[in-house]
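Right, one structure below, let's go through it.
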Protein chains: 2
Amino acid sequence: MLELRLVQGSLLKKVLESIKDLVNDANFDCSATGFSLQAMDSSHVSLVALLLRSEGFEHYRCDRKLSMGMNLGNMSRMLKCAGNDDIITLKADDDSDTVTFMFESATQDKISDFEMKLMDIDSEHLGIPDAEYQAIVRMPSAEFARICKDLATIGDTVVISVTKEGVKFSTAGDIGTANIVLRQNTTVDKPEEATIIEMNSLVSLTFALRFMNSFTKATPLSNTVTISLSSELPVVVEYKIAEMGYIRFYLAPKVEDEMEGD
Amino acid sequence: MLELRLVQGSLLKKVLESIKDLVNDANFDCSATGFSLQAMDSSHVSLVALLLRSEGFEHYRCDRKLSMGMNLGNMSRMLKCAGNDDIITLKADDDSDTVTFMFESATQDKISDFEMKLMDIDSEHLGIPDAEYQAIVRMPSAEFARICKDLATIGDTVVISVTKEGVKFSTAGDIGTANIVLRQNTTVDKPEEATIIEMNSLVSLTFALRFMNSFTKATPLSNTVTISLSSELPVVVEYKIAEMGYIRFYLAPKVEDEMEGD
DNA sequence: GACGTGAACT
DNA sequence: AGTTCACGTC
C-alpha cells in the first residue's frame with residue numbers, strides 16, 4: 001500500500017513539465033526515504049535524477065519498496081488536470097498495475113481521481129558516486145536558461161569555462177560567435193540573484209545546447225541552479241526543490257577534437 | 001576602427017525588428033555624421049532609410065567611412081540576445097570582415113560579445129532629394145498601425161486622401177469596402193495624440209497595404225508617425241527616433257487605372 | 001488568456 | 001517546403 005499526499009501539488013506538476021520532454025518512460029521508486037526517479041533520456045545521452053524526500057509530504061505511507069513504471073507523457077497529461085493549488089495524493093496498491101492520482105481543490109469542493117496503467121520498464125539503476133568537482137557555479141536559474149536559449153540561436157554547443165572571477169559561456173556557429181561572461185557576484189541584495197563560484201581548478205568543458213535547453217525546463221522549480229563541472233565527469237545541473245529534494249541532470253562533456261558533433 | 005556605444009540598446013533592437021522583415025541584407029554606413037542605412041526591400045519596391053546621428057551615442061568613434069554589409073536576420077538574432085536595458089557597443093576594425101556587438105547588462109555583471117561575419121553587398125545608394133509635399137499628416141503611430149491592419153482585412157490597397165479637415169483611409173475588397181476618416185485634431189492634451197495636417201493641395205493616392213503593414217513594424221520607435229504625400233512622388237512614412245534620427249520608408253503610389261495590382 | 005511569431009519536425 | 005508545436009508578448 002502506497003499513499004503519498006503532497007499539499008503543494010504544483011511541485012509535482014512542475015517536475016513532470018521539466019522531464020517529460022526528455023524522458024518518455026521511467027520507473028518511479030518509492031521507499032521509506034522518499035519518492036525518486038532515475039532515468040536516461042530517450043536518446044540515452046543524458047540522465048535525470050529526481051528525489052522528493054518523504055518528509056516533504058504531508059502524509060507518506062510506503063509499506064514496502066515499490067517501483068512503478070510510468071509513461072511520463074501520460075502522467076503529465078493527467079497532472080495537467082490538477083489545479084495549481086490542488087493537493088495531490090498518489091495511491092497504489094501492492095501488486096497493482098495501476099496508480100491513482102487524486103486531486104483535491106483548495107476549497108475541497110472538487111475532488112478528482114485519475115487512474116493510470118503502469119508499465120514494465122527495465123531500467124538499470126546506476127549508482128552515481130559523489131564526486132569532487134573542479135568548479136561549482138550557483139547562479140539564478142532564469143539567467144542560466146536565458147543564456148542557453150540565446151546561445152542556441154547561434155550554435156549547437158556551449159563551452160562553459162570557469163575562473164575565479166566568473167563563468168564564461170561560449171558558442172560558435174555559421175553566422176558568428178558569442179561569449180557571455182557572468183561575473184562572480186555575491187553582494188547582491190537578494191541571495192537568489194547572486195552568482196557564486198567555488199573553484200578548485202580552472203575548467204572548460206563543452207556540452208550540447210540541445211540538452212542544456214531541455215534541462216532548463218526545470219527553471220520554475222527553483223530560483224537558482226547549481227552547475228558542477230569536472231573534466232572527465234558529466235556536468236550536474238541541479239535544481240533544488242524546496243523542503244523536498246532536487247532534480248539533477250547529468251550530461252557528459254563533448255570530446256573537444258571530435259570531427260563532427262551530433 | 002569603429003566603436004559606437006549606445007546606452008539605450010533597446011533602440012537598436014527595435015530598429016532591427018522594424019526592418020528585418022522588409023530587407024534581408026543591407027549595408028550599414030558609418031561616418032563622422034552617424035550610423036545609417038539605405039536599402040530597397042527584397043522585392044525592390046519600397047525603400048528604407050535609417051539615420052542614427054553620432055550625437056545620440058554615448059561614445060562615437062569612426063576613424064573613416066565604413067560600409068558594413070550585414071544579414072539583418074542574423075543581426076536581429078544576435079540583438080535578441082541583448083537585454084532591453086543593456087548598453088550595446090558596436091565595434092569593427094578597419095578592413096575586418098566581422099563586426100562585434102557587445103552587450104553590457106545594467107548591473108555590469110553580465111557582459112556578452114557577439115561576433116558576426118560581414119558580407120559584400122552591392123547597393124546603389126540613391127540620393128533622395130528633399131521635396132515639397134502636397135500634404136503632410138502627423139498622427140499617433142499606433143493609430144496608423146491599427147488603421148493599416150484593419151484595412152488589410154478588407155482589401156489589398158489603401159487610398160489615402162487628405163483635405164484640410166482630415167485624412168481618409170479607404171479600401172475595397174471582395175467582402176465590402178471601408179473608409180476611415182481622421183479629423184484634424186490639435187487640441188488634445190498630449191501632443192503625441194494629435195492629428196495634424198499640413199496641406200498645400202488636395203491629394204489622394206493609392207498604396208499597397210502589404211508594405212504599409214511592414215512599415216508599421218517601426219511603431220515601437222515613436223509615438224507619432226509622419227506621412228508625406230505628393231502625386232508622382234513616393235510616400236514617406238517617417239518615425240522619428242528620439243535624440244538620434246529617424247527611420248523613413250518610401251513607397252511609390254499605385255497607378256490608379258491599372259487593370260490588376262500586385 | 002489569446003494572438004502572433006519563431007523553431008522543430010515530417 | 002509545409003505543418004505543427006512551443007514560446008513570448010499583448
Side-chain angles (χ1 to χ4, degrees), chain A residues 10 13-24 41-43 45-46 71-77 79-85 140-158 171 173-176 178 208-221 261-262, chain B residues 9-24 41-42 71-86 103 105 114 116 140-153 209-223:
Chain A
S10 61
K13 285 165 65 87
K14 286 179 193 164
V15 163
L16 261 103
E17 281 310 296
S18 67
I19 57 177
K20 72 160 207 295
D21 293 336
L22 203 57
V23 182
N24 296 331
D41 76 278
S42 42
S43 59
V45 173
S46 65
N71 176 290
L72 299 189
N74 292 340
M75 181 175 173
S76 166
R77 219 161 279 155
L79 289 176
K80 277 192 178 148
C81 302
N84 277 324
D85 301 325
S141 58
E143 185 70 73
F144 179 62
R146 171 72 196 262
I147 289 170
C148 291
K149 182 178 137 284
D150 283 348
L151 292 187
T153 65
I154 312 291
D156 298 328
T157 60
V158 57
T171 194
D174 293 342
I175 69 170
L209 277 166
R210 177 179 148 237
F211 288 100
M212 287 293 173
N213 275 316
S214 273
F215 302 165
T216 59
K217 297 263 164 69
T219 303
L221 282 166
D262 52 328
Chain B
S10 59
L11 272 188
L12 195 58
K13 285 166 67 88
K14 286 178 192 165
V15 162
L16 261 103
E17 281 309 297
S18 68
I19 58 178
K20 73 160 208 295
D21 293 335
L22 204 58
V23 182
N24 295 331
D41 77 278
S42 42
N71 176 291
L72 299 190
N74 291 341
M75 181 174 173
S76 166
R77 211 165 285 159
M78 291 195 166
L79 290 176
K80 277 189 179 152
C81 300
N84 278 324
D85 300 325
D86 283 6
F103 310 141
S105 71
F114 287 69
M116 188 177 79
S141 57
E143 186 68 69
F144 179 61
R146 174 68 196 262
I147 289 170
C148 290
K149 181 175 140 282
D150 285 349
L151 292 188
T153 66
L209 276 165
R210 175 177 149 239
F211 288 99
M212 286 294 172
N213 275 314
S214 273
F215 302 165
T216 59
K217 298 263 163 68
T219 303
L221 281 165
S222 174
N223 287 324

Checklist line | Flag, side chain of A/Thr171 to backbone of A/Thr157, donor-acceptor distance under 3.5 Å | finding: yes
Checklist line | Separation between CG of A/Leu22 and CG of A/Asn213, rounded to the nearest 0.5 Å | finding: 11.5 Å
Item checked: Proximity of A/Phe215 and A/Phe144 rings by center, below 6.0 Å -> no
Item checked: Main-chain N/O of A/Asn84 paired with A/Lys13 side-chain donor or acceptor, under 3.5 Å -> no
Next item on the list: Sequence neighbours left out, what passes side chain to side chain donor-acceptor pair (under 3.5 Å) with B/Lys20? Give chain and number order.
Entry: B/Glu17
Atom pairs under 3.5 Å, N or O on each side, protein against nucleotides 5-10 of chain C: can you list them with distances?
| unit_1 | atom_1 | unit_2 | atom_2 | d |
| --- | --- | --- | --- | --- |
| C/dG6 | OP1 | B/Lys20 | NZ | 3.1 |

